[in-house]
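As a basis for the values below, the full set of heavy atoms in this structure was taken, side chains included, without hydrogen atoms, waters or symmetry mates. Index from 1, following the sequence.
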Amino acid sequence: MPTPPLISTDPPYYDNVPYADLSDFFYVWLRKSLGDTYPSLFRTLLTPKAEELVADPYRQGGREAAKRHFEEGMRRVFQNLRAKAHPHYPLSLYYAFKQQETEEGEEEEGGTDRVASTGWETFLQGLVDAGFQITATWPMRTERTNRSRGQNSNALASSIVLVCRPRPEDAPTATRQDFLRTLRRELPEALRKLTQGSIPPVDLAQSAIGPGMAVYSRFGAVLEPDGRAIPVREALALINQVLDEFLAEEEAELDAPTRFAIAWYDQYGYGEGPYGDAETLAKAKNVSVAAVKEGGILRAKGGKVRLLRPEEYTAGWDPAQDRRLSAWEVAHGLIKALKEQGESAAASLLARTPEALAEGARALAYRLYGLAERKGRLAEAQDFNLLAGSYGHLSVEARKTRRAIQEELFRG
């Protein structure tokens, strides 16, 4: 009897890449030169396409028919994988597409409309329905930032590996509240590991799906009080809710000027707003506008207030000499250094920053990325993504610099 296979696969995703069509470019030349040598391989004029699992409206009779063709095919694939995978080794699947996509009929900036916003949910639902449970998730930096798709966009920087095993036949059921309680207990720790590992903010929501779905898929079903099973679509909404709670909890630990600046940025971005609104918000955050201004992150003039952009921060800024240092100022100073001087200069600044504020700047980058993306502030989101994605390396270099300074002082 043959040994069951060990399976690791990067499955197709709707109409993302029509491989058979792309293959025709090479096939016609290979057929011309090798057709007589390998007649069985080149018996058709073009590559065979009927068996390819792709959502192609031209082959399958329209968009809806193409969507059904792909989803039904993937369900059969997952069922076959569940039946034939090795019982002692996990199945691993890779994905590198966004959870939130443009709705059908809408057009992405610089691109074309997608098959459906529910595609990823359907993909996961098929995996769960086939009897798999997700046991681990791991982000991998596989996407080059200088590729054309990554230029001037919030394209994913990582692929996410889902590790799956067959779910036990006697897996228990859970209520909605059981699921939420377990999520709130387990997901924050997984998110802390991801952010401390400098997973880019553009990938954080995607990466959170893994540990969140690990909770959901360990149950035979998650039920509403009326007995209705909660589908993957609703489970993903609850996972995102807990992700937002985690980011808000990290915000609550930041200093008062930074919390003021976050709330102001959420409403006005780097644009101007009324001084009166700033004063009201500052009081709610237990700080004054004057104190925030003295901290070097805000400009107030003519009854208007606005936050400074990273490029407006003072050249030669030294966090060790700053008497009103905040996590907001640290984050923006690091972004300026990264963009204008590179990682070495940013690591030098981080080495001169108190560790609590340095860690606050890391947490802030994730929070601000989420706000910027929701508000459609693409260039600003890329700045925050740059800081969070670079932070792990900066932190390592900063520790080396601190050690070198301490050793020099000890020798002196």
Side-chain angles (χ1 to χ4, degrees), residues 195 201 241 243-340 349-350 352-388:
T195 56
Q241 175 185 321
L243 170 60
D244 287 341
E245 290 171 3
F246 168 79
L247 295 175
E249 184 179 324
E250 286 209 320
E251 177 185 330
E253 297 176 3
L254 298 172
D255 55 89
T258 296
R259 286 187 281 109
F260 162 85
I262 292 171
W264 187 264
Y265 178 81
D266 187 24
Q267 187 168 358
Y268 295 104
Y270 292 116
E272 289 185 335
Y275 187 94
D277 287 0
E279 193 63 39
T280 300
L281 178 60
K283 288 177 181 176
K285 301 297 182 182
N286 196 30
V287 70
S288 69
V289 174
V292 178
K293 182 180 178 183
E294 288 178 27
I297 67 174
L298 176 146
R299 187 164 292 167
K301 186 178 181 181
K304 297 291 185 180
V305 169
R306 72 174 181 86
L307 295 165
L308 298 180
R309 295 179 176 276
E311 59 268 22
E312 295 180 286
Y313 279 69
T314 305
W317 169 70
D318 183 355
Q321 302 299 320
D322 196 324
R323 294 172 55 202
R324 287 187 174 271
L325 196 59
S326 65
W328 184 276
E329 187 177 16
V330 171
H332 284 66
L334 290 173
I335 290 171
K336 177 182 175 72
L338 280 168
K339 293 178 70 175
E340 296 179 2
L349 287 179
L350 194 63
R352 298 177 63 78
T353 301
E355 290 193 31
L357 286 176
E359 184 62 18
R362 177 200 59 77
L364 178 63
Y366 286 94
R367 181 63 168 157
L368 291 180
Y369 173 84
L371 293 178
E373 188 182 44
R374 280 196 287 271
K375 298 287 185 177
R377 301 165 186 162
L378 178 58
E380 295 162 20
Q382 289 177 330
D383 284 349
F384 305 133
N385 192 60
L386 171 66
L387 173 56

Quick one: are Asp255 and Leu357 in side-chain contact, heavy atoms under 4.5 Å? yes

What residues form a ring pair (Phe, Tyr, Trp, His ring centres under 6.0 Å) with Tyr275, not counting sequence neighbours? none

Atom pairs and distances, side-chain donor-acceptor, residues 260-271, under 3.5 Å, sequence neighbours left out:
| from | atom 1 | to | atom 2 | distance (Å) |
| --- | --- | --- | --- | --- |
| Tyr265 | OH | Glu380 | OE1 | 2.5 |
| Tyr268 | OH | Asp277 | OD2 | 2.7 |
| Tyr270 | OH | His332 | NE2 | 2.7 |

For Trp328, the option from Leu308, Leu254, Leu307 that meets side chain to side chain contact (heavy atoms under 4.5 Å, CB included): Leu307

Would you call Glu272-Lys301 a salt bridge at under 4.0 Å N-O? no

Run Arg299 and Glu312 through salt bridge (Lys or Arg N to Asp or Glu O under 4.0 Å) and show every step you take. CA-CA 11 Å; Arg299 187 164 292 167; Glu312 295 180 286; 3.8 Å; yes

What distance do Thr353 atom OG1 and Leu325 atom CG have between them, rounded to the nearest 0.5 Å? 6.0 Å

Around atom CD of Gln241, are there more than 12 heavy atoms from other residues, nucleotides or ligands closer than 6.0 Å? yes

Might you point out which heavy atoms bring Val305 and Ala278 nearest each other, and give the distance in Å? CG2-CB, 4.0 Å

Just grab all the ring pair (Phe, Tyr, Trp, His ring centres under 6.0 Å) pairs involving residues 282-310, residues at least two apart or on different chains. none

Please find the pair of heavy atoms, one from Ala337 and one from Leu349, that lie closest to each other, and give the distance. CB-CD1, 3.8 Å

If you look at every heavy atom in Leu387 and Leu338, which pair is closest and at what distance? CA-CD1, 4.0 Å

Within the distance-only criterion (no hydrogens, no angle test), does the side chain of Thr314 pair as donor or acceptor with the backbone N or O of Trp317 below 3.5 angstrom? no

Minimum side-chain heavy-atom gap Leu364-Phe384 below 4.5 Å: no

For Ser326 and Ile297 the tightest heavy-atom approach is OG-CG2, 4.1 Å

Side-chain donor-acceptor distances from residues 285-296 under 3.5 Å, at least two apart:
| from | atom 1 | to | atom 2 | distance (Å) |
| --- | --- | --- | --- | --- |
| Ser288 | OG | Ala291 | N | 3.0 |
| Glu294 | OE1 | Arg324 | NE | 3.0 |
| Glu294 | OE1 | Arg324 | NH2 | 3.2 |

Using side-chain heavy atoms (C-beta onward) and a distance below 4.5 Å, is Leu298 in contact with Arg306? no

Indicate the atoms forming the closest heavy-atom contact of Ala365 with Pro201, along with that distance. O-CG, 4.3 Å

Salt bridge (Lys or Arg N to Asp or Glu O under 4.0 Å): pairs with one or both residues in residues 245-254, sequence neighbours excluded: Arg184-Glu245, Glu250-Arg362, Glu251-Arg367

Set of ring pair (Phe, Tyr, Trp, His ring centres under 6.0 Å) partners for Phe246, sequence neighbours left out: none

